[in-house]
Amino acid sequence: MSNEIDKTRRLILQGAAVIALAGITGIRFGLTEAFAAANDKYPEEAFKQKNGDDAIKSLYGKTAEKSDKVKLDAPEIAENGAVVPIGVSSSLADVTSIAILVTENPFTLAAAYKIPAGTVASVSNRLKMAKTTNVIAVVEAGGKLYSASKEVKVTVGGCGG
Amino acid sequence: MRSVFGSTFGLVIAALLMGATHSAAATDTPNPAADAKAFQKFFADKFPKVKFEDFVNGPYSMDAGLYKQWKEKEEFPPYEFALDMGKELFAKPFKNGKTFADCFPNKGIGIRQNYPYFDEKQGKVVTLELAVNQCLESNGEKPYSYTKDEMAAVTAYMAFTSRGKPFDIKIPNDPRALEAYENGKKYFYTRRGQLNFSCASCHVQSPGERIRAEVLAPALGILNAMPIYRSEWGGMGTTSRRFTSCNSQVRGVPLKPQDDEYRDLEYYLSYVSNGLPISGPGARP
Amino acid sequence: MASSIRVRATSSGDTTEVQALIQHPMDSGFVKNAKGELVPPHFIQEVTFEYGGKSVFVADWGPAVSKDPYLKFAFKGGKKGDELKISWTDNKGGTDQTTAKIQ
Amino acid sequence: MRTFILALTAILLTGAAMPAFAASTEADFKTAYAAAEAANNEAGKLRNQWTTTVSALAAAKKAAEAGDFDKAVAASKHAEELAKASIHQTLEQKDGWKQMDIR
């Protein structure tokens, strides 16, 4: 495929994505909540925050309380800070969003997931960690925020593998 | 700076002491079969809980926490893209219409376990990576760079089609083959670099232990998983990459990929892992 | 060119488990290249999974998501043979999409 | 083996001991650098150069270019010591490697 066609296709897709996003926003979330997590807009500001509380506030507009119904699956010692498998799940009802924060990273918010009705409240991904850090999982359920955290030890480089 | 210096010094001394405690008055008659037996027994004794075939899983066979992270990664392994690329490259005709399949026995499928082999015509050890480039060059194509990218992709695909097949490295009745084997063995045990480490310092004496918190892989089975996606590299690397990067890590200037010493080393190291299944491509920390 | 997206979607009766791997550098903007220059940030910001015309999962990512990112989630419903649509966009306006059949 | 430890210790210590009292000239640097380079080439023939030798040589050259010949001479001498240690290591390991062999 030539570059021109590729580029054109990319531009078209971009346009289509914008239209699709605009369309959905109005219907699904327009009436209820105005915060980033509930919008279909990319939460630019939340991803710029340097501490956990600010990021959560920017994303959800409220604070989280600890809950044992938020399950955070993270290794005690990361094999490599570049690829740390992290899983979050919850037995809470009406989960609408899951966010994962890595407190020692330059920007704490790593990922935020929208969980539409009918999607299971569980996600696994792989994250980068700059150094030994707390990882915080935040779950939004029934309009409230719940969290769990765990320390992950990170070491880098060397004669391994 | 100071702590780096201090810990380096500590490591050097520790390595020296480890070496010194070894008594061993080696006999000088080469005996590869006995070597392989002793080598495998050494690891079996050192890690009684690790199943023989699990040695191909490197540090993951040594540490429960790592094992879990590895299993999670293997659900959708990071080498997947390299594998696809390798499959494509492998099938893609050269300018002259031929393909890789025309260069290899059994059209290149399921043959990884036979490499490296001693080529009596060329009078030297031929590794899979060398054979791939010889194939390209004999068909008028540009050879790949040895350490990553296309070379890693093609060898990943070739390893994948050979998964589960036990390493079957042969030493033909040719004094040059035995010499190459002995050279490789010598390279493996020779201390080099400012840190004064041999390959064996890390991968025979200390596998399962942590150096700066990284779990070291056992030498037994280490090549069965090649090529590997290494998180530390953020990408794929070949056996060539593994050897050169190990040399730099002990502060030695690496040789050129596929230099005689490296091919001989691969010959030795593969031979003593005979019987262990090919598991490549692999994922490593 | 092969797609940058690999997807495995498996139905186990009432739920469909989805795993995806995307080929992307996910440069954080904090890492230097061999020449010692900072590599500018280049990362996927949003990944959307759609089934039956509805989004079943949306990921918003920052630069802390690993290179060649991986995702696993599950949703209720999803029939074998049906298509799942996946698309991503990154901070430089790059984008890709693919569809995968539920197995 | 013991002499090697001593040699290595000496090197690690002298590395910290810095410039001589008298100011060095460009000629001093050239002599010192040539000696270091020769030793490193010898190590190269033995297939055992150290990366630290290479960096010390580079540091010497850089200091000389900046006109700091005290530093350039010191770095050259350090490089020569490292190169000589790598040669010593190679010779010692000629048979020394057998100590590590698994039998």
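A note on names: the letters A, B, ... follow the listed sequences, proteins ahead of strands, and every chain is numbered from 1.
- Of the possible donor and acceptor atoms, none in the side chain of D:Gln93 sits under 3.5 Å from a partner among the backbone N and O of B:Thr190.
- Proximity to chain D (any heavy atom under 4.5 Å) is restricted, for B:Val204, to the side chain, taken from C-beta onward.
- Among residues 27-48 of chain D, the residues having any heavy atom closer than 4.5 Å to a heavy atom of chain B are, in sequence order, D:Arg47, D:Asn48.
- Put simply, of B:Phe39, B:Tyr187, B:Tyr189, the one with the most heavy-atom pairs under 4.5 Å next to chain D is B:Tyr189.
- In this structure, B:Asp45 places its CG atom where more than 12 heavy-atom neighbours from other residues, nucleotides or ligands lie under 6.0 Å away.
- The structure places CD of B:Gln194 at 14.0 Å from CD of D:Gln49, a figure rounded to the nearest 0.5 Å.
- Rounded to the nearest 0.5 angstrom, B:Arg192 CZ and D:Trp50 CH2 are separated by 12.0 Å.
- Listed here is the closest heavy atom pair of B:Lys186 and D:Lys94: CE-O, 3.9 Å.
- Against chain D, the residues from residues 253-263 of chain B that qualify, each with a non-hydrogen atom under 4.5 angstrom away, are B:Val253, B:Leu255, B:Asp259, B:Glu261 in number order.
- Of the inter-residue distances, the one linking D:Leu82 atom CG with B:Arg251 atom CZ reads 10.0 Å to the nearest 0.5 angstrom.
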